[in-house]
Amino acid sequence: MAMRITILCENLVGKLVGSGEHGFSAFIETDKGNYLFDTGSGRSIVPNSLTLNKDLKSIRKIFLSHGHYDHTGGLSEVLKLKGKVDVHAHPHVFLDRIAVLKEEGREIKRFIGIHYKKSYLESLGAHFVFNTDFTEVEKGLFLTGEVPRQTNFEKADPRLFSEMDGAMTHDLFLDDQSFILDTEKGIVLIFGCAHSGMINIIHHVVNKMGKEKFHAILGGTHLDFLTPEQLEESINSLKRMEIGKIGVSHCTGMRAAFRLQQEFGDRFFYGCVGSVLEV
Ligand SMILES: [Fe+2]
Ligand SMILES: [Fe+2]
């Protein structure tokens, strides 16, 4: 199956085209049809799709990695173009999300969940299909579902909270799921933010797929928000795995991206707006 993955929304622009934003979205072309994994924050998905010549009206399904605004904010814009379409996500995708951040010495609370009600998105054409478990969404295409936390070094971001049953708690991110393409060259794994921990996610994929060979991993890895020790543990784990290309984006951050480039050399690429992975 020939496939092409194009980064539609991302923090950085490096291909002379498109606009950057804090967000992530990948346009996936296969010989069975086109799919969208995440939708960015809403500002760049439509203009970038036009610039990169990716027809949002052609998508067969939308997959959401988790309920943060920077992955779901463009959903309404896509639905206004596409109309009726299945939107696959974990049921916790609509939880209220809060980030507690320090800015200029003050504590700031920001709402970072989906900005739209489910009923509004449904009125635009969304048909939500919820999954909690590992799911084959099309032949050879999978969503990880909930990812078991196994490593002892991948800690949750302590600044992120969610509200459940009226109580605000540290966000468990049960909704964090990644997308898998089972290709002849090996697995291609796309993270949204990898809030479950990228190594936890890879272990889960190996376990569920019964395969260890990855052609590529790409997407947001949230490595920039971890301690330097945690980053080194993640790199040591990656070095022990059979991974062809490592193409990070979004919440990976520069410090972690530079370290990955230093460690993996030509196998590393930065997935900026317009980056393409052909399989
Ligand atoms: Fe993100
Ligand atoms: Fe996130």
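Keep in mind that this is a model prediction, so the values were computed, not measured. The first residue of the sequence shown is numbered 1, and numbering continues consecutively from there. First listed ligand is number 1; within each ligand, the first listed atom is number 1.
Between H68 and F173, the distance separating the two ring centers is shorter than 6.0 angstrom. A distance below 6.0 Å separates the ring centres of F94 and F128.
Among the atoms of H68, an N, O or S atom falls under 2.8 Å of the Fe ion (ligand 2). Among the atoms of H195, an N, O or S atom is found under 2.8 Å from the Fe ion (ligand 2). Residue contacts to the Fe ion (ligand 1): H22 brings no N, O or S atom closer than 2.8 Å. Note on C251: not counted as a metal contact of the Fe ion (ligand 1), no N/O/S atom lying under 2.8 Å.
D70 has its closest N, O or S atom to the Fe ion (ligand 1) at the position named OD2. The N, O or S atom of H71 lying closest to the Fe ion (ligand 1) is NE2.
With respect to R43 and E77, no salt bridge is recorded, no charged nitrogen being found less than 4.0 Å from a carboxylate O. Between E138 and K61 there is a salt bridge, since at least one side-chain N of the basic residue sits less than 4.0 Å from a carboxylate O of the acidic one. With salt bridges taken as basic N to acidic carboxylate O contacts below 4.0 Å, none links E10 and K15.
Here C193 contributes SG and H66 contributes NE2, and at the Fe ion (ligand 2) these two atoms make an angle of 90°, given to 10°.
When each of H90, H88, Q177, E146 is paired with N131, the side-chain hydrogen bond (donor to acceptor under 3.5 Å, both in side chains) condition holds for Q177 and for no other.
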